[in-house]
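Everything numeric in this text was worked out from a predicted model, so none of it was measured. Scope of the values below: all heavy atoms of this structure, side chains included, with no hydrogens, waters or symmetry mates.
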Amino acid sequence: TRGTARQLQEAVRALSPRADTQPAQETIPLAIPGRADVSAGRGGILVVGVDRLLTVPARCCKPVPPEPIVGFVTRGRGVSVHRAGCANVIRLDPARMVPVQWGDAAGSTFAVDIEIEAAGNGSVTRDISEALSREKIRVLATRLASKETATRMRITLEVCDLGQLRRVLHQLRDVPGVARAGRR
């Protein structure tokens, strides 16, 4: 972890106002944690000026390529990567923000939270499961709250990219009884 702390200090130092006098460093691809069986060299985020620094997708917004992203140097957890439009980004210290961009994400998967509101009958949940199965979407977690007339589902899915997420949300909206399906 000694190397990681030094890399974090260098990244923050590179963002300070006196960074203009320092020579620019090259951009290095970094691995993003994905599914457990995805190797560390596949998929990634590019952090300007830092070599082999841990990058972690933010839990609040769970970014997916090719969405615009921003990086935040955390204390002890590497760089937290947020969607550019994340509500939490405006509360973060601008001095600890680092430029990031998507690298080659081929073969990587990303966890995304969605929320579905539907009619309260049991067939809707079965139809939703079938729609996810047809798209070969892996479900990581499900939370279901239902009343007699309505059902609210929060599902964590594993997707390859933003296009796949849009396709599955479109298919979920077409399920009879689904009132709303969107990203959380």
TODO: In sequence, state the C-alpha distance, the side-chain angles, and the governing distance for Asp127 and Val178, and then conclude on side chain to side chain contact (heavy atoms under 4.5 Å, CB included).
DONE: CA-CA 10 Å; Asp127 294 342; Val178 171; over 6 Å; no
Task: Partner of Thr156 under side chain to side chain contact (heavy atoms under 4.5 Å, CB included), chosen from Val139, Asp113, Thr142 - done: Asp113
- [ ] State whether the number of non-hydrogen atoms from other residues, nucleotides or ligands found under 6.0 Å of Arg59 atom CZ is greater than 12.
- [x] no
- [ ] Quick one: closest heavy-atom pair of Gln164 and Glu135, and the distance?
- [x] NE2-O, 4.0 Å
Open item on the list: Going by side chain to side chain contact (heavy atoms under 4.5 Å, CB included), His82 matches just one of Pro57, Cys60, Pro63. Which one?
Closed with: Cys60
Task: Joint hydrophobic cluster, Leu140 plus Met153, side-chain heavy atoms closer than 4.5 Å - done: no
- [ ] With the side chain counted from C-beta on, respond yes when Met97 and Val89 share a heavy-atom pair under 4.5 Å apart, and no when they do not.
- [x] yes
TODO: For the residue pair Val168 and Leu157, establish whether any side-chain heavy-atom pair is separated by less than 4.5 Å.
DONE: yes
TODO: Answer yes or no: are there more than 12 heavy-atom neighbours, outside Arg173 itself, under 6.0 Å from its atom CZ?
DONE: yes
Task: Working for side chain to side chain contact (heavy atoms under 4.5 Å, CB included), residues Arg180 and Glu115 - done: CA-CA 8 Å; Arg180 189 184 80 75; Glu115 190 169 84; 2.8 Å; yes
TODO: Spell out, as yes or no, whether a donor-acceptor pair under 3.5 Å connects the side chain of Arg96 to the backbone of Val73.
DONE: yes
Task: Test item: Leu132 and Leu172 side chains (from C-beta on) under 4.5 Å apart, heavy atoms - done: yes
TODO: Check Leu162 against Glu67 and note the closest heavy-atom contact, atom names and distance.
DONE: CD2-CG, 3.7 Å
